[in-house]
6 protein chains.
Amino acid sequence: MIGQSGIAVKHIIRADSASVAALANYGVATVHEAMGRVGLLDAYMRPIYPGAAVCGTAVTIFAHPGDNWMLHAAAEMLEAGDVAVLGTSSDNTDGMFGDLLATSFRARGAVGLVIDAGCRDTAVLRDMGFPVWSKAVHAKGTVKATVGSVNTPIICAGALVHPGDVVVADDDGVVIVPKLHAAKVAAAAAAREAKEEGTRKRLGSGELGLDLYGMREPLAKAGLKYFEDEAALQRELRS
Amino acid sequence: MIGQSGIAVKHIIRADSASVAALANYGVATVHEAMGRVGLLDAYMRPIYPGAAVCGTAVTIFAHPGDNWMLHAAAEMLEAGDVAVLGTSSDNTDGMFGDLLATSFRARGAVGLVIDAGCRDTAVLRDMGFPVWSKAVHAKGTVKATVGSVNTPIICAGALVHPGDVVVADDDGVVIVPKLHAAKVAAAAAAREAKEEGTRKRLGSGELGLDLYGMREPLAKAGLKYFEDEAALQRELRS
Amino acid sequence: MIGQSGIAVKHIIRADSASVAALANYGVATVHEAMGRVGLLDAYMRPIYPGAAVCGTAVTIFAHPGDNWMLHAAAEMLEAGDVAVLGTSSDNTDGMFGDLLATSFRARGAVGLVIDAGCRDTAVLRDMGFPVWSKAVHAKGTVKATVGSVNTPIICAGALVHPGDVVVADDDGVVIVPKLHAAKVAAAAAAREAKEEGTRKRLGSGELGLDLYGMREPLAKAGLKYFEDEAALQRELRS
Amino acid sequence: MIGQSGIAVKHIIRADSASVAALANYGVATVHEAMGRVGLLDAYMRPIYPGAAVCGTAVTIFAHPGDNWMLHAAAEMLEAGDVAVLGTSSDNTDGMFGDLLATSFRARGAVGLVIDAGCRDTAVLRDMGFPVWSKAVHAKGTVKATVGSVNTPIICAGALVHPGDVVVADDDGVVIVPKLHAAKVAAAAAAREAKEEGTRKRLGSGELGLDLYGMREPLAKAGLKYFEDEAALQRELRS
Amino acid sequence: MIGQSGIAVKHIIRADSASVAALANYGVATVHEAMGRVGLLDAYMRPIYPGAAVCGTAVTIFAHPGDNWMLHAAAEMLEAGDVAVLGTSSDNTDGMFGDLLATSFRARGAVGLVIDAGCRDTAVLRDMGFPVWSKAVHAKGTVKATVGSVNTPIICAGALVHPGDVVVADDDGVVIVPKLHAAKVAAAAAAREAKEEGTRKRLGSGELGLDLYGMREPLAKAGLKYFEDEAALQRELRS
Amino acid sequence: MIGQSGIAVKHIIRADSASVAALANYGVATVHEAMGRVGLLDAYMRPIYPGAAVCGTAVTIFAHPGDNWMLHAAAEMLEAGDVAVLGTSSDNTDGMFGDLLATSFRARGAVGLVIDAGCRDTAVLRDMGFPVWSKAVHAKGTVKATVGSVNTPIICAGALVHPGDVVVADDDGVVIVPKLHAAKVAAAAAAREAKEEGTRKRLGSGELGLDLYGMREPLAKAGLKYFEDEAALQRELRS
């Protein structure tokens, strides 16, 4: 069951590295659209500094409020290119992660952290260039008393994350791409970006989306009425 | 009625350009005070990057949760110097606006966006220097299925906005100046700023506001008692 | 009683300057840990610009919602190295503090502000380099009608603050060190930092916290079971 | 301008009593739909006891945080059948209204209160049967120091309210009917309710909305695909 | 993928009726504990009236903000004893469900609704005795424009729900029991309740949990020190 | 220091029973006013059922997020008429308290609980008539792993509470009366209530607070201007 404690899985199957490399070319919004508008974490997950961006494979952590023990257990499972993703058994903003763990995670090859709880030492993390997306920034210390799990499926900020899934994160937030769909989503993102390039040019030249996307007729059918000005509108409302 | 859907007004009366130019010299706090302490949007409206600042005329948009169709319809009404202002029929944080719409809006002359919903592609918008004030940053995509309105009065983050009103926004948030009062408010802001200059110098030299503003007597009348130190206070409390 | 209005204490006993100077070397997280994991303000208190950091002695202010009168009264009590700390009688996000008060506070020697309410003129404050930690950024103006207190014990964002206590604040938030414990806490912070230096090196070389902290046996005792891979876990769950 | 202080209008034009009486027959949801899905206050406005329900004409109050002076000024303008509606200049949860003011309001003929701030003495108000919709229940006392306004247009919990508008409130929240539209909205509500009666019967007999509303074809066009069971879905996804 | 739109599965495998009947004997807290402390929805999910309680099998609905179309599509799949459970693609508080849908759902055999969005007509629902757990009560109407899904896995208020899972809900909130584990969880709940009966009696007679659970030694080991009184504590702190 | 863990004080000095008995006659709002408008807990603290009311002496508990061990340790210190008051080291909504602990607390003589965290088994607690004021209702279970303290000063929902202080709680929330001031506050509450009785009668007869409190002149001085009607106001604004 999701949220079961006491399990640590050592070796996981990660999304193929070609797909991860491909997905690294796109922003969170593009990947989310390419998946069919799914996979986002809740809007409260924010980067600890502007410009943070990462794409990697998930090592998942399930932890309890006020307890960061499992982050230490997870360090052992981290490989080059991994992003640790932590969900909790209940609402918590404690600073479970700081510069010591970041030093350890980086030494193991990890490239970032997504944590549905708090983060601290954020000035140092910014200087290190170790990106973190968190629910809060808070210095609150934690204990190491209760076991959770490592590399089991978790729910993090409203999203289901399996070990090995692709994590794409930037200023807009975080999106999870299931490992089985990574190649397909990367292709769809590429196609979307290619198409958007042309659209961007036409919009940049002043062409309207109304015309470019053919929206005028659907808008009229859906009931949008145009009025020359406020006076015309008032005449209609009074009639 | 506020919130009526299905209306798009093509030509609106904007605040006079001299007043808009004048108001551009002042920050949100100064303009808010010059209006008699009114006109602010709620505190949850934040710029998507620090240092964002804009002053322009409002093209208003009324949209429904999860639906950004009206932003496309509004693009057609935008003119040089406009700021799009979007209110919704209910609470929503979806990313209704991103870099494609920003490209379109900029091509039409718009200089910013105020949106009581979410914004995405924020890294690109920051690089473009296209300022947005929003309720949330979220990559969540939206549909184009339900019509709202363009250029009708709206409520955005607790403030009433009419088409053509002046929008002043900076790091402190957003204030709306009704177009009819724009000239008067610009003059009051100038007067306030002039007066504050002298005050700033005196305060900067170490003079106290207590003396400068003549507050000592009113404070005493209102019941403030001074004690030399903690010991004196304790003696009083025991007596 | 906490929250009593009408009292202004002129001279307070501040934490000794050597301890304040010593504490200035450490971040909020380190000081909080050195105190035994206490003293933090709530997580909603955020700096108005990244990189803000301060260490000083508290001049406390008790104010009422929408009323910044006491900030003016407090200016008189500020000395070099002080940090003003403001608590309110109820929830409020009004912009009680702006650039004029910052100019005044700085002229009196103050080095920062911690305010459980709103702050405005934040772009100017950032340019001035006057750090503020607040609950909100909002331009909302305030009145000067109701007296509170200066230099009495207050509760600010969930923490008890006495006049003269040490205030340490950075990107992670704010921690209060009672003046009587300042020297002891500074020493504990130094010890902690010294110890962490060695830990950081070992973690940076790839050594695991599991080994460094001797966590393997406690984790096993607490019930953590390791599985080679997902397949091994599934076998166990089915058995 | 919305939010101007210092104005008290003695006599206002109220919605006609027949329309008010007619609207009293319908719930908030029905009235909101009959208006074209507009006019609701934000979802955080809740009744202080279950079963509270009222329909009356608005006497509007604009007040400042922590200050309930204007409620006393408003008492004088209340007539039989009025509902006081209070908006504030900023976020506040103080208990501006309690049993004494309720006694006074009732003596003047008022039948309820809608307040975008706090309420107290709620046990007594429940016993009195004086319904209040508020943002918070809190005992926090307030001052009488700063003037606001009575009977000017206000924004209350995201809705624009003019003096004399109809206020309909029940367990679902609060809706405002502009006085000019009251008769039309009452008629539309009656029509809606009549139509719903038949719908209710058919749905109650087990008929599906899909058939009753003719949704099957639109759903198919919009892309909904039916699968006999999970196995059929899996076959499709794999193909 | 979780959150895919456009799918409606007609026939699902439900938890066995004996397990459902057994689980109906226990409260949410007991079932949550019996599962190993997992399965709860977030704390913001509240019943629309006190005393609401239900136990049934989940028909899942995935819907978009401001759009209740899928509730109609789901009605067709409801059978006796089902509880509809709705998750959304983003944050929304609109009143997607009211008395007409409740009439339809009940006619189909459904015994309740869990909705991560808003609910309306709550007074009528209370009178009908149709229990709903929701994120908000709000009268806001919705459109029928965008398809979601019925009977696919969803995330609702932070919990993963599969079609056919058991939903147990009461005044404490909502817990989901995966259908495969239903029998085992029901047995564990029975065992827990049996054991608690004895504990309750002993605690009711004044026996301390400290003794009953043997906590004195572990507390001492974990560092809890007892002091006769405040004076003894002060002596220790000073020594 | 506030928030120190590892301390349990067995015997405390409680407010004198006569004062507690006297304070039991008044509501939270009255007691708060009688104290000079201080002592309230934050507005988010709500009773788990309507009509809950209690007055007793505080046994304080300091606990960590997700850990209810200290509630068991506190049970031993409870005496007849006590109200347990729990503060935490950080934000938490877990259900630390349920019917078993309530049975134990009641057996020891306790008459209620105030908990800055979650509560569960609320239906049973309501049936037992054991009143609880909490930050949340949630079934989430907790561990017993980390020691906090019993009968040390705590901060609970923004208020400072010492062991033995008087806790008054009702539908309006919770107020803490320091034990040293209990007699004085009880007397002030009695005086206030006596005075309000006369006021209530006069207001109930239709007399205006404006006249009764002599507010007309102060309002005029503070700048309130009266207008006969909307037309008169418009004339003034245009002049």
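Each chain gets a letter, A, B and so on, in the order the sequences are listed, and its residues count up from 1. The structure displayed is predicted, hence computed values, not measured ones.
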**Q** Around atom CG of F:Leu237, are there more than 12 heavy atoms of other residues, nucleotides or ligands at under 6.0 Å?
**A**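 It does: F:Leu237 CG has more than 12 such atoms within range.
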**Q** Once salt bridge (charged side-chain N to carboxylate O under 4.0 Å, His left out) is applied, what residue pairs with a partner in residues 1-16 of chain C remain, sequence neighbours excluded?
**A**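 Applying salt bridge (charged side-chain N to carboxylate O under 4.0 Å, His left out) to every pair that reaches into residues 1-16 of chain C, excluding sequence neighbours, yields B:Glu228-C:Lys10, C:Arg14-C:Glu79, C:Arg14-C:Asp82.
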**Q** Can you check whether anything in residues 32-45 of chain F gets within less than 4.5 Å of chain C, heavy-atom wise, and list it by number?
**A**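 Interface residues of residues 32-45 of chain F: F:Met35, F:Val38.
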**Q** Where along residues 150-188 of chain C does a heavy atom come under 4.5 Å of chain F, listed by residue number?
**A**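 Result: C:Ile155, C:Gly158, C:Ala159, C:Leu160, C:Pro178, C:His181.
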**Q** So which residues of residues 46-63 of chain C are in contact with chain F at a heavy-atom cut-off of under 4.5 Å?
**A**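 Expected list: none.
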